[in-house]
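Note that the structure is predicted; figures quoted are calculated from it, not measured.
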Amino acid sequence: MIDSHTHIQLASYQDLENMAMAGIDKVVTCTVGSGASSYQTYMDEISNLLNVYRRNAKENGIDLYIAVGIHPANIPQDWKKGLSLIEEYLSNESVVALGEVGINSDRRIEEDVFIEIIKIAKKHDKPIIVHTPFKNRLEIVKKESNAIERVGLNPELVAIDHANLDIISLIKDKNYYPGLTIKEGRLTPMDVLNNIDKFEIGMLNSDVANLSPSDALSVPKTVKLLRTKNVDRKTIENISEKNALRFLGKI
């Protein structure tokens, strides 16, 4: 199983142990830049992910991969100085995507940052993991999609995360991948079961972090429910592994 969107730097070592015991063998973690006062906050976070947290994951039999970017909720004033450094990290074999990026509110700076990140993704042919907020979701996803289309990024390189029934039609119409976040305030395992025909092109993830209630085992718990309800085995494999492999390519 693959957990396609986490913030493992904001989780615990025990979370990694439990994930491994539940059958997760690959994890993608996204930069979040909590409290970023400068771009250096992101640089330090990425360095720790590539060194400390990849080692911790490996000790538990998990391959940890990194998505780098500037989170829309944590944009430092000097964010432009960090763009070239983020771009340099894309040459690291453990860095597989740009993320978590996107728009969280109506601040113009969020769209400005997002557009610059999309340009980097297009230049390097890298996938992006795109954030969606709790409020004004459809309006903001439309704004994100417009930015993606203006830059001209291949839609197959786009995952719109925290997908739910309110935005799934737009995601599918645009040929993006939906990220299926199993977490309080997002999706439940029953939501996935009851709408499996809409979500079967998606990628399960926990979005685990200590910033809000989350469960490092939400992906295997969802897989267990789908199995017990006799959901087609191939469909389960797709949303728990195969779709993420198609999207991310080299993991």
Side-chain angles (χ1 to χ4, degrees), residues 2-7 28-32 65 67-73 96-107 110-111 113-122 125-183 185-188 191-192 195-209 214 218-219 222 238-249 251:
I2 298 173
D3 191 333
S4 63
H5 181 145
T6 70
H7 301 289
V28 179
T29 191
C30 302
T31 55
V32 66
Y65 297 94
V68 297
I70 299 173
H71 193 287
V96 296
L98 288 147
E100 179 178 5
V101 298
I103 300 171
N104 189 63
S105 68
D106 59 0
R107 295 188 304 158
E110 295 177 16
E111 186 172 357
V113 174
F114 185 44
I115 287 172
E116 293 306 314
I117 295 291
I118 300 169
K119 290 178 180 177
I120 293 173
K122 181 180 179 182
D125 202 32
K126 283 282 188 179
I128 59 171
I129 298 172
V130 180
H131 169 83
T132 56
F134 286 100
K135 298 179 180 179
N136 302 322
R137 285 166 51 77
L138 185 57
E139 174 188 342
I140 285 179
V141 173
K142 286 180 178 179
K143 187 182 292 186
E144 290 173 331
S145 180
N146 288 338
I148 290 165
E149 291 178 347
R150 288 202 306 273
V151 175
L153 182 64
N154 181 350
E156 293 182 358
L157 295 175
V158 178
I160 304 294
D161 224 312
H162 318 318
N164 207 329
L165 294 174
D166 58 343
I167 57 174
I168 190 64
S169 293
L170 187 155
I171 294 171
K172 295 176 76 170
D173 288 347
K174 297 294 185 179
N175 294 316
Y176 303 147
Y177 283 87
L180 308 177
T181 301
I182 314 303
K183 182 178 181 178
R186 301 296 190 179
L187 290 171
T188 68
D191 290 331
V192 177
N195 299 279
I196 193 65
D197 59 323
K198 296 180 175 67
F199 293 146
E200 62 184 353
I201 63 168
M203 304 177 289
L204 290 173
N205 69 74
S206 66
D207 192 28
V208 65
S214 60
S218 65
V219 171
T222 303
N238 282 339
I239 66 171
S240 64
E241 181 180 15
K242 302 296 186 184
N243 292 341
L245 290 174
R246 294 186 189 100
F247 174 63
L248 294 165
I251 73 170

**Message:** What verdict does the side chain to side chain donor-acceptor pair (under 3.5 Å) test give for H131 and E110, after you've listed the backbone C-alpha separation in whole Å, the side-chain angles of each residue and the deciding distance to 0.1 Å?
**Reply:** CA-CA 11 Å; H131 169 83; E110 295 177 16; over 6 Å; no
**Item:** Those residues that, when tested against N243, pass side-chain hydrogen bond (donor to acceptor under 3.5 Å, both in side chains) (two or more places apart)
**Value:** R246
**Item:** N238 vs E200 side-chain heavy atoms within contact, under 4.5 Å
**Value:** no
**Message:** I'd like to know whether I239 forms a side chain to side chain contact (heavy atoms under 4.5 Å, CB included) with V192, so could you lay out the CA-CA distance, the side-chain angles of the two residues, the decisive distance to 0.1 Å, and finally the verdict.
**Reply:** CA-CA 10 Å; I239 66 171; V192 177; 4.1 Å; yes
**Request:** Hey, could you give me each pair passing salt bridge (Lys or Arg N to Asp or Glu O under 4.0 Å) that has a residue in residues 148-172? Not counting sequence neighbours.
**Result:** E111-R150, R137-D166, E149-K174
**Prompt:** Could you give the distance from CD1 (I171) to OG1 (T132), rounded to the nearest 0.5 Å?
**Reply:** 7.0 Å
**Request:** Might you point out which heavy atoms bring D207 and H162 nearest each other, and give the distance in Å?
**Result:** OD2-CE1, 3.5 Å
**Asked** Hey, does P127 have a side-chain heavy atom less than 4.5 Å from the side chain of L248?
**Response** yes
**Request:** Return yes if some donor-acceptor pair links the side-chain N/O of K122 with the main-chain N/O of V151 below 3.5 Å, else return no.
**Result:** yes
**Message:** Can a donor-acceptor pair be found, under 3.5 Å and without considering hydrogens, that links the side chain of T181 to the backbone of K183?
**Reply:** no
**Partner residues of D191 under the side-chain hydrogen bond (donor to acceptor under 3.5 Å, both in side chains) criterion, sequence neighbours left out** = T188
**Item:** Nearest non-hydrogen partners of S4 and V28, listed with the distance
**Value:** O-CB, 3.5 Å
**Complete:** The reported gap from NZ in K198 to CD1 in I168 (rounded to nearest 0.5 angstrom) is 9.5 Å
**Request:** Any chance you could lay out the side chain to side chain contact (heavy atoms under 4.5 Å, CB included) test for I251 and I2, step after step, and finish with the verdict?
**Result:** CA-CA 10 Å; I251 73 170; I2 298 173; 3.9 Å; yes
**Request:** Return yes if some donor-acceptor pair links the side-chain N/O of H7 with the main-chain N/O of C30 below 3.5 Å, else return no.
**Result:** yes
**Asked** Can L165 and F199 be said to form a side chain to side chain contact (heavy atoms under 4.5 Å, CB included), step by step?
**Response** CA-CA 9 Å; L165 294 174; F199 293 146; 3.9 Å; yes
**Request:** Without swapping roles, check the side chain of S145 against the backbone of V141 for a donor-acceptor pair under 3.5 Å.
**Result:** no
**Asked** Side chain of T29, backbone of A67: donor and acceptor closer than 3.5 Å?
**Response** no
**Asked** Does the side chain of I70 reach to within under 4.5 Å of the side chain of V101, using non-hydrogen atoms?
**Response** no
**Message:** So, applying side chain to side chain contact (heavy atoms under 4.5 Å, CB included) with V68, which one of L98, I120, I117 is it?
**Reply:** L98
**Prompt:** Is the side chain of N104 donor-acceptor paired with the backbone N or O of P72 at a distance under 3.5 Å, no angle test?
**Reply:** no
**Message:** E116: which residues meet the salt bridge (Lys or Arg N to Asp or Glu O under 4.0 Å) condition with it, sequence neighbours left out?
**Reply:** K119
**Message:** For the CG atom of L204 and the CD atom of E241, what is their distance to the nearest 0.5 Å?
**Reply:** 11.5 Å
**Least distance between heavy atoms, G99 atom then T31 atom** = O-OG1, 3.2 Å
**Message:** In the structure I gave you, are the side-chain heavy atoms of Y176 and I148 within less than 4.5 Å of one another anywhere?
**Reply:** yes
**Asked** Looking at G185 and F134, what are the two nearest heavy atoms and their distance?
**Response** O-CE2, 3.6 Å
**Message:** For a quick test of reading the model, state the closest non-hydrogen atom pair linking D3 to S206 and the distance between them.
**Reply:** OD2-OG, 2.6 Å
**Fill in**
Taken in chain and number order and not counting sequence neighbours, the residues that satisfy side-chain hydrogen bond (donor to acceptor under 3.5 Å, both in side chains) with S214 are none
**Request:** Apply side chain to side chain contact (heavy atoms under 4.5 Å, CB included) to N164 and L187, showing your working.
**Result:** CA-CA 7 Å; N164 207 329; L187 290 171; 3.3 Å; yes
**Asked** So, do M203 and H5 sit near enough that their side-chain heavy atoms are less than 4.5 Å apart?
**Response** no
**Those residues that, when tested against F247, pass ring pair (Phe, Tyr, Trp, His ring centres under 6.0 Å) (two or more places apart)** = Y177
